[in-house]
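Below is one structure, written out as structure tokens; the observations come after it.
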Amino acid sequence: ETGVTQTPRHLVMGMTNKKSLKCEQHLGHNAMYWYKQSAKKPLELMFVYNFKEQTENNSVPSRFSPECPNSSHLFLHLHTLQPEDSALYLCASSQTNPGSYYEQYFGPGTRLTVT
Amino acid sequence: QKEVEQNSGPLSVPEGAIASLNCTYSDRVSQSFFWYRQYSGKSPELIMSIYSNGDKEDGRFTAQLNKASQYVSLLIRDSQPSDSATYLCAVLQYAGGTSYGKLTFGQGTILTVHP
């Protein structure tokens with residue numbers, strides 16, 4: 001595997017379900033990100049983990065719960081979602097050491113539909 | 001006022017022409033600037049990064065940055081139908097030390113290259 005991978009690629013869930021999205025990066029980066037992309041809206045940053053520590057929670061509802069066990073893996077746990085949470089969820093990673101350029105590389109995304 | 005602003009388009013150019021995509025940003029401390037290409041149903045792909053005033057060329061792509069005017073642009077020479085996509089401008093504010101630096105995206109410009 002190369003780059004940033006995400007599973008599953010597609011997910012349909014009911015409002016009472018619990019599911020998890022998984023992201024793995026093979027780039028040796030130290031920061032990982034969750035973004036939400038809805039139709040007609042700019043990419044929205046949700047969470048940031050830098051060296052496994054959460055450094056940003058962009059006012060995301062508690063029904064979204066991130067987990068970062070190490071610098072290569074990132075999860076997004078989902079529970080009691082709403083239909084408006086249907087979107088493309090993107091994971092990204094970057095290097096953030098001094099002197100790096102903070103270029104973020106994205107995974108293929110998970111297309112989530114909440115019914 | 002939007003932090004990163006792009007014309008949503010669509011921008012339509014004939015094959016072989018130069019496509020010009022523009023982006024303005026509001027935060028003067030922004031330090032790094034990126035262009036991503038996103039095909040329909042796919043995730044964003046980093047195509048250009050620029051950090052200092054002036055032009056940066058990579059193949060058919062040229063990024064231009066003017067920090068005094070808070071303006072960044074992307075030129076695509078000899079446009080091809082395969083360049084048809086949404087182009088996202090992203091602006092990074094360096095937060096110092098080992099922190100991640102927040103990346104803010106514009107809403108994207110839809111480019112169509114017609115044969």
Interatomic spacing from NZ in B/Lys42 to CZ in A/Phe106 - rounded to 0.5 Å: 16.0 Å
ILVMFWY cluster, A/Val4 and A/Tyr49 together (side-chain gap under 4.5 Å): no
Nearest-0.5 Å distance that lies between atom CZ in B/Phe105 and atom CD in A/Glu44: 12.0 Å
Hydrophobic cluster identity match, B/Ile47 and B/Leu111, side-chain contacts under 4.5 Å: yes
Contact origin within A/Tyr35 toward chain B - heavy atom pairs under 4.5 Å: side chain
Rounded distance [0.5 Å steps], OH in A/Tyr102 versus CG in B/Leu103: 12.0 Å
Donor-acceptor under 3.5 Å (B/Ser43 side chain, A/Gly107 main chain): yes
Criterion side-chain contact (heavy atoms from CB on, under 4.5 Å) on A/Gln104 and B/Phe34, from CA distance to verdict: CA-CA 9 Å; A/Gln104 292 186 21; B/Phe34 307 93; over 6 Å; no
More than 12 heavy atoms from other groups under 6.0 Å of CG on A/Leu27: yes
Path from B/Met48 to B/Val113 over hydrophobic side-chain contacts below 4.5 Å: yes
Heavy-atom contacts under 4.5 Å, residues 64-82 of chain B to chain A: none
Heavy-atom contacts under 4.5 Å, residues 13-22 of chain A to chain B: none
Shared hydrophobic cluster for B/Leu88 and A/Leu45 (ILVMFWY, side-chain gaps under 4.5 Å): yes
In one Ile/Leu/Val/Met/Phe/Trp/Tyr side-chain cluster, 4.5 Å: B/Val4, B/Tyr87: yes
Rounded distance [0.5 Å steps], CD in A/Glu103 versus CG in B/Leu92: 10.5 Å
Members of residues 86-93 of chain A whose heavy atoms come closer than 4.5 Å to chain B: A/Leu88, A/Leu90
Residues of residues 68-81 of chain A near chain B, each having a heavy atom less than 4.5 Å away: none
